[in-house]
There are 2 protein chains.
Amino acid sequence: MEEKRYLPHIAYDSVIFGFSGNQLKILIMKYHNTGLFALPGGFVKIDEDLNAAVRRGLKERTGLDNIYLEQFYTFGDVSRYQPEAMKTILEANGHDVPENHWMLDRFISIAYYALINFEKVVPTPDALSDSCDWYSLNKLPALMQDHQLIVEKALQTLRDNLERKLVGVNLLSPLFTMNDLQKVYEAILGEKLRRTTFQRKMLSLNILQRHDKQYSGKAHKAPYLYSFKQETLI
Amino acid sequence: MEEKRYLPHIAYDSVIFGFSGNQLKILIMKYHNTGLFALPGGFVKIDEDLNAAVRRGLKERTGLDNIYLEQFYTFGDVSRYQPEAMKTILEANGHDVPENHWMLDRFISIAYYALINFEKVVPTPDALSDSCDWYSLNKLPALMQDHQLIVEKALQTLRDNLERKLVGVNLLSPLFTMNDLQKVYEAILGEKLRRTTFQRKMLSLNILQRHDKQYSGKAHKAPYLYSFKQETLI
DNA sequence: TTATTATTGTCACGAATTGAGACAATAACT
DNA sequence: AGTTATTGTCTCAATTCGTGACAATAATAA
């Protein structure tokens with residue numbers, strides 16, 4: 001990681017949402033020998049588009065291309081500047097850290113959230129971390145710096161966008177039941193929804209393609225499987 | 001403007017909305033001797049919060065404190081990097097510009113929109129510009145770099161936020177008629193609204209305080225004046 | 001004083017949407 | 001064949017919304 005290849009003072013953080021066990025989860029990194037937890041993030045190369053840098057990072061953490069991605073806020077308070085934490089991380093990794101190391105500078109961070117299919121992800125730590133794992137939103141460890149705030153703002157933005165954007169598409173497998181979809185909405189909104197109203201609403205949007213039934217082996221009526229209609233995908 | 005006092009590679013741009021003559025307008029700067037038009041913007045001091053830097057710039061351009069301000073996107077494409085334009089501006093101002101001048105570097109720009117009371121603003125150019133003036137959105141001059149795109153995204157965000165945030169407050173005088181408010185909404189949305197529906201909707205929100213009537217001298221019924229209820233202000 | 005004019009505040013009615021529950025259909029098990 | 005849990009759909013009331021009607025009214029004209 002050569003200093004001259006990255007724009008100084010500029011970082012990004014990504015809140016990567018997945019859905020599993022009826023819960024929203026996000027990817028969290030744990031740094032070597034420090035007990036420090038953080039959002040996956042990175043830096044922007046001198047000749048690289050900001051969005052491309054974030055996609056590059058996402059690919060490294062998840063193995064996935066073509067991820068649904070939204071930029072939602074840029075955090076630029078001076079209080080973010082906590083060089084001790086970064087120094088701890090670098091030293092715990094055996095780096096000799098000069099006083100003027102570029103990673104100890106003040107950074108502003110452009111924050112993104114991503115929506116991905118939980119099943120398809122292979123969480124992968126980077127050189128400084130020994131784990132990259134899923135955590136439920138209500139069981140997050142204490143996070144570095146203002147990362148807790150970043151997560152909260154990501155969730156708020158996701159909620160605000162829920163009606164305007166096709167959120168379910170990106171968190172589910174291509175085939176899903178109406179109940180699966182409802183669980184996603186409930187996890188995002190943090191509240192129970194009424195089954196019949198939800199079904200009527202979704203069907204009236206005219207974005208779902210109905211397929212064969214899904215026989216679960218349980219003693220009750222089998223639900224239809226659905227996919228999102230091709231033309232509605234972004 | 002000493003180099004060392006600002007964070008390199010980081011700028012902000014602000015889309016400052018005002019409402020006058022039933023139209024949405026924004027403030028545009030014109031640089032000395034160049035014919036170049038741009039959004040008001042600036043840089044972040046080494047020890048300054050990002051939001052504070054933007055407010056500082058707004059104060060300089062408008063004379064106003066306590067402005068309603070929303071950050072909406074950070075532009076970070078490499079294609080923004082057009083050092084010739086900045087060099088032109090600096091040279092037109094009599095500066096001797098070394099090859100490695102910090103303002104000729106690549107910048108990412110954090111974009112904000114502000115909503116202000118047109119009446120109260122005293123548009124003020126900066127050292128590099130000879131005017132700072134109001135332009136209607138549909139009569140903008142050709143803008144530098146990606147500033148046209150920034151304006152479009154600002155307007156789109158403003159529209160998206162219209163139902164969720166109390167937008168009218170910030171563009172109108174403290175006392176206004178229902179018709180004034182409707183004109184603001186129409187200017188933002190770019191479409192005519194139905195008078196009776198609009199009135200019913202606004203009154204049902206329970207955010208308006210009714211005051212005395214406003215006698216205009218015209219030959220018809222006088223409308224009530226309204227203000228936003230104190231507790232609804234942000 | 002009495003029409004006239006333009007605009008405003010409110011109501012009325014039907015259409016469309018939403019909330020809440022009822023109920024029959026149905027896979028698999030007893 | 002009866003039971004159970006879940007699903008798809010329907011109904012009815014409550015609410016919101018689109019649309020127009022209409023009376024109230026401030027200033028002007030007659």
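Naming: A, B, ... by sequence-line order, numbering from 1 per chain.
- In this structure, the side chain of B:H9 does not engage the main chain of B:F107 through any donor-acceptor pair within 3.5 Å.
- The shortest distance between the side-chain N/O atoms of A:R194 and the OP1/OP2 oxygens of C:dA20 is below 4.0 Å.
- Note on B:K213: a side-chain N or O is less than 4.0 Å away from OP1 or OP2 of D:dA26.
- Relative to the side chain of B:T197, the nucleotides D:dT19, D:dC10, D:dT6 differ in distance, and D:dT19 lies closest.
- Side-chain atoms of B:R195 come within donor-acceptor range of the base of C:dG9, with a qualifying N/O pair under 3.5 Å.
- In terms of position along DNA chain D, the nucleotide closest to A:Q199 lies nearer the 5' end than the nucleotide closest to the other residue of the pair B:K201 and A:Q199.
- What separates CG of B:L205 from C1' of D:dT15 is a distance of 15 Å, to the nearest Å.
- The closest donor-acceptor contact from the side chain of B:N170 to the backbone of B:L166 lies under 3.5 Å.
- Under the 3.5 Å distance criterion, the side-chain polar atoms of A:D126 are matched with a main-chain donor or acceptor of A:L128.
- Ionic pairing of A:K30 and A:D133 is not present here: no N-O contact between side-chain nitrogen and carboxylate oxygen is shorter than 4.0 angstrom.
- Computed from coordinates, the A:H220 NE2 to D:dT6 P distance equals 5 Å when rounded to whole Å.
- Rounded to whole Å, the distance from CZ on A:R210 to P on D:dT7 is 13 Å.
- One can place CD of A:E163 at 13 Å from C1' of C:dT17, the figure rounded to the nearest angstrom.
- Across the interface with DNA chain C, nearest-nucleotide mapping of B:Y226 and B:A219 shows B:A219 to be the residue nearer the 5′ end.
- Between B:Y112 and B:F72, a ring centre-to-centre spacing not shorter than 6.0 Å is recorded.
- Whole-Å rounding puts the B:D212 CG to C:dG9 P distance at 13 Å.
- Put simply, B:K221 has no side-chain N or O that comes within less than 4.0 Å of OP1 or OP2 on C:dG9.
- Sequence order on DNA chain C of the closest nucleotides to A:T196 and A:A222 puts A:T196 first from the 5' end.
- Whole-Å rounding puts the A:L203 CG to D:dG8 P distance at 9 Å.
- Rounded to whole Å, atom P of D:dT6 lies 17 Å from atom CE of A:M178.
- Between the side chain of B:R200 and the base of C:dG9 there is no donor-acceptor pair of N/O atoms closer than 3.5 Å.
- Between B:L225 atom CG and C:dT8 atom P there is a gap of 12 Å when expressed in whole angstrom units.
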